[in-house]
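To start, the structure under review is shown below, and the notes come after it.
In what follows, every chain begins at residue 1, and chains take the letters A, B, ... in the order their sequences are listed.
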Protein chains: 2
Amino acid sequence: MTTIIDVARLAGVSKTTVSRVINNYPHISSDKKEQVLKAMEQLGFTPNPSARRLRGQLATTIAVVVPKIVNPFFSYLVDAIEQVGYRNGYQTLICQTNEDKEKELSYLNLLKTKQADGIIMASIENDWEDIKPYTEYGPIVLCNEYINRPDVPMIRVDQYQGTYIGVKHLIERGHRKIAYCTGGLFTAFGKDKDRNLGYQKALEEAGIQVNPSWILVDKHTIEDGKQVMQLLLDMKDRPTAVFTGSDEIAGGLMMAAKKAGLSVPQDLAIIGFDDQPIAEVLDPGLTTIRQPIEQMGKKAGEVLLNILNQSGPDSAVYELPVELIVRQST
Amino acid sequence: MTTIIDVARLAGVSKTTVSRVINNYPHISSDKKEQVLKAMEQLGFTPNPSARRLRGQLATTIAVVVPKIVNPFFSYLVDAIEQVGYRNGYQTLICQTNEDKEKELSYLNLLKTKQADGIIMASIENDWEDIKPYTEYGPIVLCNEYINRPDVPMIRVDQYQGTYIGVKHLIERGHRKIAYCTGGLFTAFGKDKDRNLGYQKALEEAGIQVNPSWILVDKHTIEDGKQVMQLLLDMKDRPTAVFTGSDEIAGGLMMAAKKAGLSVPQDLAIIGFDDQPIAEVLDPGLTTIRQPIEQMGKKAGEVLLNILNQSGPDSAVYELPVELIVRQST
DNA sequence: ACAAATATTGAAACCAGTTTCAATCATTCT
DNA sequence: AGAATGATTGAAACTGGTTTCAATATTTGT
């Protein structure tokens, strides 16, 4: 490795001067600056980040915590964050929790050891009380998750609105027997709670009573969707429409429905959430709630970098709008 | 931050001794060792990795270069690599090239600056000649890409076999007019070349002449697939089957075919590549060539960590088998 | 022209660890 | 018992940068 001393020697100056050139220190005579630049060029010198961050506060890497990168929602999010990071000279560490609390905490330790200068959490497994102590070591930005704490910046979408417009859309299509199939619990908090409230509110406005047996929780995958369809088929009083918490569940539901000889949307209307690639590719096309994933990721990255550069903490909540994408499944 | 000196002070030993405890140096009296351990525990001490890697060869992070993380193929790959890394105490940096040569090179620089201890390249934009110099700074493992160089470890699947069994399957189904729709060029090298050879070989064995107008290159996305379908529809002599280079192209093709009133597979048989989630969800289900992505990622991670730990360079080529997944589209 | 302010520069200290080197202490071997 | 060997320990050097401090040179103000 060529070091700053090699450069200094070649340029005939002290390493202090070289360091100043690297960091754009203002008062350097233009001839020396040029010599240093030339020497750096000639030697192909790149400063060693470990050395830089050991002393200064140099920040170059951010970490993104997600449950599973293979979930398109999160890969799109990471995509957006990586791009913002790259444009600003930051590397992006990818941290999969696999919904494991331990793993999440171990990744939070990256802050403590300054292996990451800041963290964007797109999922949160532990209680905030257990995570909060880590904010002492570096900024944490929540993205897609939220909690009732005013002291941490959050980027979120209006989940309440998402469910509300989706269910309302079903009601406008004439449905009154609308099932609700979600990832979280119905007695949830944060994101899931808002979604549930949107469902309840839409029904209430239409004067429809919630039927608890049509509420199915802890569903996530295509496989779950297929099983839910089986449950629906077995019901005496069967819903005519299903609002699902993700396009995957919706996809599984649709596949199983077709297999059972039901036609979508005539026999069963289905609506998804996220607007992932599969929504477009399903037949019939899946009506779904689009979340502005790229925007969320971009915003999360920007908020974090802002904190890192300004050192000014930011605890604002940014809320982005959702959008109903109507296709043929409703 | 608590440092090694704080620990040393509390334990009543020199920082050298603390360092030795951290690194499991053999000759330390058990009482001192215990004191140090206790002090570390008590202070919640974590060694600063920047300081460690500044001196020693401490390795803790690997980088994965992919074109686009939103492509499921690569997100599954990254998933597998991240898991291997995590189990061995490594962080995983995600590097998207977006097919930009500059960006790829800038990520290779991570090796030079020791921000990454090794790199797994799942895509390669620059010529190997331009990448090779970086191997001087740390190990590079090729995964899913390959080149005719015996001096770099590669994990690959038998692409030739993939295309061959796919096309052969179509022939067995009675097709003789088989189009070929691929991402790379037909006059390609490496991965693409092998695929092309598999196509040619299968046709040749069946005594079928290659029809150049049925060979469509530089196709990647669902959108491309739709456009290809339009091209096929406009042909006087239309193929009865299409072998595509990815499930996305196949999906686009299928959507457009159905829209045009063709039924799959009766009017047009379609076969994809990768066995991504959408393959199962398409209607009819997509026959495709499954690549053992998780295994590739796992193997790539293991090979890299092996090199890193043994310091013994490895230039073996690991080839993994592909598998034909027959669904309803053929 | 002289003081005050500003620009330019390098030596040395510093960041938080690891490694080298030498000293001391305890064992083992004739 | 005396020498040789191995265990245990810490001081100091080292990693590659940045920052402080002080010295010197140059400009500016009156």
Subject >> Residues from residues 28-38 of chain A lying under 4.0 Å of DNA chain D - heavy atoms >> reply: none
**OP:** Please say whether the positively charged group of B:Lys103, taken as NZ for Lys or CZ for Arg, lies over the ring of A:Tyr86, i.e. under 6.0 angstrom from the six-membered ring centre and within 45 degrees of the axis.
**Re:** yes
**OP:** Tell me, please, which residues at least two apart from A:Glu319 pass salt bridge (Lys or Arg N to Asp or Glu O under 4.0 Å).
**Re:** A:Arg156
Original post:
Does B:Arg55 get its side chain close enough to the base of D:dT15, under 3.5 Å, for a donor-acceptor pair?
Top reply: no
Original post:
Do B:Glu302 and B:Asn306 have side-chain atoms, one donor and one acceptor, less than 3.5 Å apart?
Top reply: no
Original post:
For D:dG10, does either OP1 or OP2 sit under 4.0 Å from a side-chain N or O belonging to B:Ser14?
Top reply: yes
Subject >> side chain to side chain contact (heavy atoms under 4.5 Å, CB included) partner of A:Leu308, chosen from A:Ile62, A:Val303, A:Asn88 >> reply: A:Ile62
Subject >> Distance, rounded to the nearest Å, where B:Arg53 contributes CZ and D:dC14 contributes C1' >> reply: 18 Å
Original post:
Would a distance-only check, ignoring hydrogens and angles, find a side-chain to backbone donor-acceptor pair under 3.5 Å from B:Glu104 to B:Glu125?
Top reply: yes
**OP:** Give the rounded distance in Å between these two atoms: CD1 of B:Ile5 and P of D:dA11.
**Re:** 11 Å
Original post:
At what distance, to the nearest 0.5 angstrom, does CD1 of B:Ile293 lie from CZ of B:Phe74?
Top reply: 9.0 Å
Original post:
Between C:dA16 atom P and A:Asn48 atom CG, what is the distance in whole Å?
Top reply: 16 Å
Subject >> Between C1' of C:dT19 and CG of B:Leu54, the distance in whole Å >> reply: 13 Å
**OP:** Starting at atom NE2 of B:His27, determine the distance to atom C1' of C:dT27, rounded to an integer number of angstrom.
**Re:** 14 Å
**OP:** Pull out every residue in residues 15-26 of chain A that has a heavy atom closer than 4.0 Å to any atom of DNA chain C, ordered by number, or say none.
**Re:** A:Thr16, A:Thr17, A:Arg20
Original post:
How many Å lie between CZ on A:Arg9 and P on D:dG16, as a whole number?
Top reply: 12 Å
Original post:
Hey, are A:Arg53 and A:Asp117 close enough for a salt bridge, meaning a charged N less than 4.0 Å from a carboxylate O?
Top reply: yes
Original post:
Is the shortest side-chain N/O distance from B:Arg52 to OP1 or OP2 of C:dT18 below 4.0 Å?
Top reply: yes
**OP:** Measure from NZ on A:Lys112 to P on C:dG17 and round the result to the nearest Å.
**Re:** 12 Å
Subject >> Pairing of B:Asp130 and B:Lys101 as salt bridge, 4.0 angstrom limit >> reply: no
Original post:
How about A:Asn98 and A:Gln96: does a side-chain donor come under 3.5 Å of a side-chain acceptor?
Top reply: no
Subject >> Integer-rounded Å distance: C:dG10 P and A:Ile4 CD1 >> reply: 12 Å
